[in-house]
Amino acid sequence: MTRGNEKQVIEWLQENCGKVMLPHIGVLTHVETIGKVNDNRKKADVLLNGIPVSLKQVESSFLYNKGFRSDFLNLGVDIQWFDNQVKDIHYIDKNRNVSWQTAMDRPRFQSLLRMLMMDINLKQGISKHPAELILTHPGVTKHVIDICVYNFKEFFDIFANDWITFAFIRHWPGQEDKTESDRAYRILNEPKCQPWVFDGVSGKGPKNWAKNALPPDKRQTCFTCSIAIDSPVKRWENLREFRLSLLNSGFFGVDSEKLERVTHEVKQHFGYLVSAQEDKRWMEVLKIANQIASTSL
C-alpha cells in the first residue's frame, strides 16, 4: 500500500490504458482496483493486466507501517536488538531510523521484507491479495517515466543497502490525534509491548494534546516499528528531468531495474544527480548509462 496518493496513481494508470508499456506488464490494457483505497490488509493495490501489483511511493515513505512489539515476537527476530534501539531512541534521542544491517544478515532481512511487503499483514495474517510486482511512483504521477515496475528481487537489490531502514515511531496516549492516541493505548494495554512503553515524553512530543490528556507528569511514550524507504533524489522534479534527458539522449527500452541503477550510479559518481543534457558532464552520464544497459546484475 502506498500513502494517500494511491487513488491518483491508479487514476493515471486508468487514463493511460492502451497508451503506455510497463516493465513486466507489457502494453497496459486493463486496470482494476483491489479492495478499499489505503486498506493495510491488502498487499496488492491494483491489478495491471491481471497481475497483482503493490504501489509504493518512494519519497520518505513506509514499506511496512507501525508494527507492534507483539507482532515482531512472532517473526523469530532478535527482539532484544529491537528493545535496545527503542531504549536508545527514548533515553538518548538516537535517530529513529536504524540500519537493518546491525540487526540481521542480508538473506534474513530479504526474507522478512518480502513477507511483509508482498504476502502478510502482521495482525491479520496472510493477505487475501498478495502482490507479485512492485510499482514505484512519486507523490503525483505525471509521466510514464515517473513509474518503475520491479519484481521483489530487483527492488531489494536496488534499494536495500542504502535506502531502507527500520524506523521506530513514537506515539503518546492522550495526544490530540485520536487515531495515534488510540494506537498508543492499545500498545499500553498489551503486556507483550511493555518494553516499548516509557514514562515521560521523549522527542518533541505530539503537535497538540487532547483536552482530557493526563497531566504532564503522568504522560507516557509508546513505540511501534516501521520499515522506511527513502529516495536517492530529494526532489522528484530533478529525477523526472534526469529520466527525460536520458530518453531524449536515446536511452530507452530498458527495464526499471537498470534505469534505477543508472540513477544511483550517477548520484554516487558525481555526489548529486546531473540531470541536464546541456551539462558538460552529460557525456560521462551517458557512458555510465550505456555500461549499465549492456550488463545485467
Side-chain angles (χ1 to χ4, degrees), residues 1-3 40 43 54 56-122 134 136 148 150-171 187 193 195-198 202-204 221-236 239 257 260-273 297:
M1 180 185 72
T2 191
R3 292 193 304 191
N40 63 11
K43 298 286 101 175
S54 174
K56 296 297 179 187
Q57 180 181 332
V58 287
E59 293 176 293
S60 300
S61 188
F62 295 113
L63 302 177
Y64 193 86
N65 203 13
K66 299 173 183 174
F68 285 19
R69 183 181 187 272
S70 53
D71 299 326
F72 281 87
L73 283 171
N74 297 322
L75 295 176
V77 299
D78 179 5
I79 200 64
Q80 188 61 52
W81 180 89
F82 288 83
D83 293 349
N84 290 339
Q85 308 315 306
V86 170
K87 288 178 185 176
D88 287 347
I89 293 166
H90 182 76
Y91 288 119
I92 63 175
D93 203 27
K94 177 180 176 179
N95 190 307
R96 76 173 195 175
N97 289 82
V98 184
S99 168
W100 59 264
Q101 289 92 335
T102 64
M104 59 191 71
D105 62 25
R106 185 181 178 88
R108 179 70 182 95
F109 183 68
Q110 182 172 354
S111 174
L112 174 66
L113 186 62
R114 178 183 175 82
M115 178 174 60
L116 294 179
M117 284 184 66
M118 312 297 279
D119 299 318
I120 75 165
N121 178 287
L122 289 177
I134 300 161
T136 61
C148 285
Y150 310 91
N151 61 38
F152 179 80
K153 184 180 185 305
E154 291 169 345
F155 178 86
F156 187 84
D157 288 343
I158 288 292
F159 289 100
N161 283 353
D162 300 315
W163 305 104
I164 298 177
T165 59
F166 286 112
F168 294 88
I169 313 299
R170 294 178 173 94
H171 313 270
I187 296 169
C193 291
W196 291 10
V197 176
F198 302 88
S202 68
K204 296 179 179 179
T221 301
C222 305
F223 284 85
T224 58
C225 180
S226 299
I227 299 177
I229 184 168
D230 204 356
S231 169
V233 182
K234 298 306 178 186
R235 295 182 66 249
W236 199 272
L239 183 58
E257 170 263 321
E260 194 68 48
R261 284 180 64 202
V262 172
T263 305
H264 287 240
E265 287 294 329
V266 170
K267 183 177 186 296
Q268 183 176 21
H269 184 79
F270 293 105
Y272 62 95
L273 203 61
L297 280 176

Exercise. His90 and Trp196: side chain to side chain contact (heavy atoms under 4.5 Å, CB included), yes or no, with the steps?
Worked result: CA-CA 9 Å; His90 182 76; Trp196 291 10; over 6 Å; no

Exercise. Under the salt bridge (Lys or Arg N to Asp or Glu O under 4.0 Å) test, which residues partner Asp83, sequence neighbours left out?
Worked result: Arg69

Exercise. Who pairs with Asn97 by side chain to side chain contact (heavy atoms under 4.5 Å, CB included), at least two apart in sequence or on another chain?
Worked result: Asn95, Thr165, Ala167, Ala228

Problem set entry | Counterpart residues, salt bridge (Lys or Arg N to Asp or Glu O under 4.0 Å), relative to Asp93 (two or more places apart) | Arg170

Seminar exercise, completed: Applying side chain to side chain contact (heavy atoms under 4.5 Å, CB included) to Glu265 and not counting sequence neighbours gives Gln268, Ile288, Ile292

Seminar exercise, completed: For Val77 and Met104, the nearest pair of non-hydrogen atoms, with its separation, is CG1-CE, 4.2 Å

Problem set entry | Shortest non-hydrogen contact between Cys222 and Val197, atoms and distance | SG-CG2, 4.0 Å

For this session: Kindly give the heavy-atom pair with the smallest separation between Thr221 and Ser202, and that separation in Å.
Result: OG1-N, 3.2 Å

Exercise. When you measure from the side chain of Lys66 to the backbone N and O of Ser226, does any donor-acceptor pair fall under 3.5 Å?
Worked result: no

For this session: Under the side-chain hydrogen bond (donor to acceptor under 3.5 Å, both in side chains) rule, collect the residues that match up with Asp71, sequence neighbours excluded.
Result: Lys123

Exercise. How would you list, by chain and number, every residue that makes a salt bridge (Lys or Arg N to Asp or Glu O under 4.0 Å) with Arg106, sequence neighbours excluded?
Worked result: Asp157

Exercise. By ring pair (Phe, Tyr, Trp, His ring centres under 6.0 Å), which residues pair with Trp100, not counting sequence neighbours?
Worked result: Phe109

Exercise. Counting N and O atoms only, with roles assigned by atom type, does the side chain of Lys43 sit under 3.5 Å from a partner on the main chain of Leu116, one being a donor and the other an acceptor?
Worked result: yes

Seminar exercise, completed: In short, salt bridge (charged side-chain N to carboxylate O under 4.0 Å, His left out) pairs touching residues 72-82 with sequence neighbours left out are none

Exercise. With Glu260, which residues qualify under side-chain hydrogen bond (donor to acceptor under 3.5 Å, both in side chains), at least two apart?
Worked result: Tyr150, Arg243, His264

Problem set entry | By side chain to side chain contact (heavy atoms under 4.5 Å, CB included) - contacts of Ala103 (at least two apart) | Trp81, Phe166

Problem set entry | Test ring pair (Phe, Tyr, Trp, His ring centres under 6.0 Å) applied to Tyr64 - qualifying residues, sequence neighbours left out | none

Seminar exercise, completed: Sorted by chain and number, sequence neighbours left out, ring pair (Phe, Tyr, Trp, His ring centres under 6.0 Å) with Tyr91 holds for Phe198

